[in-house]
Amino acid sequence: MINFTQLVLASHNAGKLKELQAMLGGSVQLRSIGEFSQVEPEETGLSFVENAILKARNAARISGLPALADDSGLAVDFLGGAPGIYSARYADGKGDAANNTKLLDALKDVPEAERGAQFVCVLALVRHADDPLPILCEGLWHGRILTEASGEHGFGYDPLFWVPERNCSSAELGPVEKNQLSHRARAMALLRQRLGLQ
Ligand SMILES: O=P(O)(O)OP(=O)(O)OP(=O)(O)OC[C@H]1O[C@@H](n2cnc3c(O)ncnc32)[C@H](O)[C@@H]1O
Ligand SMILES: [Mg+2]
């Protein structure tokens with residue numbers, strides 16, 4: 001069992017920080033890497049795992065603390081798994097709204113049965129910048145891409161992601177419900193087990 005009271009979260013995404021802190025509870029305090037640096041590392045990996053490790057090592061190096069990174073994204077079946085690791089940069093860095101518009105355009109006229117998609121989350125935890133054995137946990141969340149945005153909660157692609165088990169979009173789920181079902185929740189449940197937190 002590994003004991004942490006403080007971890008730095010290697011993410012500049014406020015939505016992730018909120019969700020991950022809620023899932024971890026009070027026993028571990030997540031500090032944002034934004035407290036230490038505003039410079040975002042280039043995500044040069046070819047997989048979620050590589051990018052998560054790269055972000056975690058960078059944050060541990062900058063902060064001197066053990067670091068947790070989340071690399072996540074949306075893999076759309078009709079698009080051969082795109083935007084995948086490029087989800088944040090899908091509309092060339094123009095942000096969530098532009099990403100969502102581009103996705104709706106790419107799936108224009110695609111019938112419901114072919115709109116399957118999954119959110120992917122890989123969490124990487126390193127004890128220090130050169131940790132030779134990062135802890136890696138993965139979570140998937142299967143759903144479908146809607147034909148128009150719906151809902152105000154969450155962030156990113158949530159308004160376009162239909163959650164079959166709840167008959168609504170993930171942006172229509174409250175935070176407590178999303179944090180029980182999501183790709184991030186599944187990865188975090190595995191991480192909590194690995195850390196002996198449950
Ligand atoms: O790299 P960091 O700094 O952590 O922040 P980021 O937003 O760039 O994060 P990623 O590189 O992992 O890219 C994740 C993309 O997938 C989207 N995404 C991930 N999890 C999501 C969720 O739970 N709901 C909606 N969109 C999500 C998110 O909006 C980004 O476009
Ligand atoms: Mg990123």
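First listed ligand is number 1; within each ligand, the first listed atom is number 1. These values consider heavy atoms only, across backbone and side chains, with no hydrogens, waters or symmetry-generated copies. We count residues from 1, following the sequence as given.
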Rounded to the nearest 0.5 Å, how far apart are CG of Leu79 and CG of Leu107? 5.0 Å
Among all the protein's non-hydrogen atoms, which is closest to atom 8 (O) of ligand 1, and how far away is it? Ala88 CB, 3.6 Å
Numbering the atoms of ligand 1 from 1, which are under 4.0 Å from a heavy atom of Gly156? 25 (C), 26 (N), 29 (O)
Measure the distance from atom 24 (N) of ligand 1 to every protein heavy atom, then report the residue, atom name and distance (to 0.1 Å) of the closest one. Asp158 OD1, 2.9 Å
Among the heavy atoms of Gly73, does any lie under 4.0 Å from an atom of ligand 1? yes
Any atom of ligand 1 sitting under 4.0 Å from a heavy atom of Asp70? yes
Do Asp70 and Ser72 have side-chain N/O donor and acceptor atoms under 3.5 Å apart? yes
If two hydrophobic side chains count as joined below 4.5 Å and joins carry through other members, does Leu65 share a cluster with Ile33? yes
Output yes when the distance from some N or O of ligand 1 to some N or O of Glu40 is under 3.5 Å, and no in every other case. no
Closer than 2.8 Å to the Mg ion (ligand 2), what protein N/O/S atoms do you find? Glu43 OE2
Under-4.0 Å heavy-atom contact with ligand 1, by part of Phe155 that carries it: both
Excluding sequence neighbours, so at least two apart, what forms ring pair (Phe, Tyr, Trp, His ring centres under 6.0 Å) with Phe48? none
Residue, atom name and distance, where the atom is the protein heavy atom closest to atom 6 (P) of ligand 1: Lys16 NZ, 3.9 Å
Tell me whether Arg89 reaches ligand 1 (any heavy atom closer than 4.0 angstrom to a ligand atom). no
Side chains of Ser11 and Leu17: closer than 4.5 Å at any heavy-atom pair? no
